[in-house]
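This report concerns only the one structure given below.
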Amino acid sequence: MAAFETIHIDETDSTNRWLKEHGEGRDLLVWADYQTAGRGCGTNSWESERGQNLLFSLLLHPREVAAADQFILSMANALALRDTLSDYVADVTIKWPNDIYWKDCKMAGTLIETSLHGQHIKDCIIGTGINVNQREFHSDAPNPVSLSQIAGHGISLDELLQRIVLHLEDYMGMVENGQWAAIRTRYRARLYRKDGREHLFRRPQGKPRPYVLKTVDDDGTLVLLSRDGQKEREERFGFKEIQFII
């Protein structure tokens, strides 16, 4: 896969929105020192001090990926982030669907927006925020942590981004070359709480219940096991249909 063109800007409201206005059909990565309206999934916001963290979005045109298979892009992106951060610290996992965790704390989050042409993806914007050098967090997010807090020293944003881009190019190349089985196997092996033990989950407005995380289906559905004595039953959940209790 050809190298991404990379653009660095000082400030924008959202790197995802910036790409929608300036991408012009290219495979392009833009990163900013500061976002005035950075978003997580749904209505969540992303807290970030100016110049302390990595805030970037990647515009792709993966026309070989059908709309029904688009979760392969989320898997590839999550693996690129996880593998890069694992170069710096241990115990990095992927919390379904695409957050990056260190132990029980959130290091990075991703927002993916796709547009379709017929049954295939026309373009895909993958926006990511990584806590890198921020040392204090003031929002009501329950469990943020930065790479520098874990490592005990500051991290070069330029170097970190260069490493991420290399991993992204490798994994997106695997997507283009049809190596989807390898991506899915790696993703499932690196899932947060995929350890065969029971953990608490909660449905919206429901009570916490113990489940064993079994796998994630190709379409991104989370598969959990509930136990009743010696019997096990599979239950499947889409995004926002189940919540990890941490």
Inset, instruction - Any chance you could pull the hydrophobic cluster mates of Ile245, using side-chain heavy atoms under 4.5 angstrom and chaining through other members? - result: Leu200
Inset, instruction - If a pair satisfies ring-ring contact (aromatic ring centres under 6.0 Å, His included) and one of its residues is in residues 74-130, list it, with sequence neighbours excluded. - result: Tyr101-Tyr192
Inset, instruction - Take Arg50 and Asp10 through the test side-chain contact (heavy atoms from CB on, under 4.5 Å) and record every step on the way to the result. - result: CA-CA 9 Å; Arg50 182 182 295 273; Asp10 176 59; 3.9 Å; yes
Inset, instruction - Return the set of residues passing side-chain contact (heavy atoms from CB on, under 4.5 Å) with Thr185 (not counting sequence neighbours), or none when no residue passes. - result: none
Inset, instruction - Return the set of residues passing ring pair (Phe, Tyr, Trp, His ring centres under 6.0 Å) with Phe71 (not counting sequence neighbours), or none when no residue passes. - result: Tyr187
Inset, instruction - Output all residues satisfying side-chain contact (heavy atoms from CB on, under 4.5 Å) with Glu241, sequence neighbours left out; order by chain, then residue number. - result: Phe237
Inset, instruction - Report yes if the side chains of Leu111 and Asn16 come closer than 4.5 Å at any heavy-atom pair, otherwise no. - result: yes
Inset, instruction - Output the rest of the hydrophobic cluster of Ile7: all Ile, Leu, Val, Met, Phe, Trp and Tyr residues reachable through side-chain heavy-atom contacts under 4.5 Å, sorted by chain and number. - result: Ile9, Trp18, Leu19, Leu28, Val30, Leu59, Ile125
Inset, instruction - Could you give me the CA-CA distance, side-chain angles and deciding distance for Thr114 and Asp123, then say whether side-chain contact (heavy atoms from CB on, under 4.5 Å) is met? - result: CA-CA 6 Å; Thr114 58; Asp123 53 54; over 6 Å; no
Inset, instruction - List in chain and number order the residues that pass salt bridge (Lys or Arg N to Asp or Glu O under 4.0 Å) with Glu232, two or more places apart in sequence or in another chain; answer none if no residue qualifies. - result: Arg227
Inset, instruction - Quick one: which residue pairs count as a ring-ring contact (aromatic ring centres under 6.0 Å, His included) with a foot in residues 145-172, not counting sequence neighbours? - result: none
Legend entry - Co-members of the apolar cluster containing Leu225 [side chain, <4.5 Å]: Val212
Inset, instruction - Taking side-chain hydrogen bond (donor to acceptor under 3.5 Å, both in side chains) as the test, write out the residues that go with Thr6, two or more places apart. - result: none
Inset, instruction - Applying side-chain hydrogen bond (donor to acceptor under 3.5 Å, both in side chains), name anything that partners Gln205, two or more places apart in sequence or on another chain. - result: none
Inset, instruction - Check the side chains of Glu235 and Ser226 for a donor-acceptor pair under 3.5 angstrom, ignoring hydrogens and angles. - result: yes
Legend entry - Sequence-distant partners of Arg236, side-chain contact (heavy atoms from CB on, under 4.5 Å), two or more places apart: Asp217, Thr221, Val223, Glu234
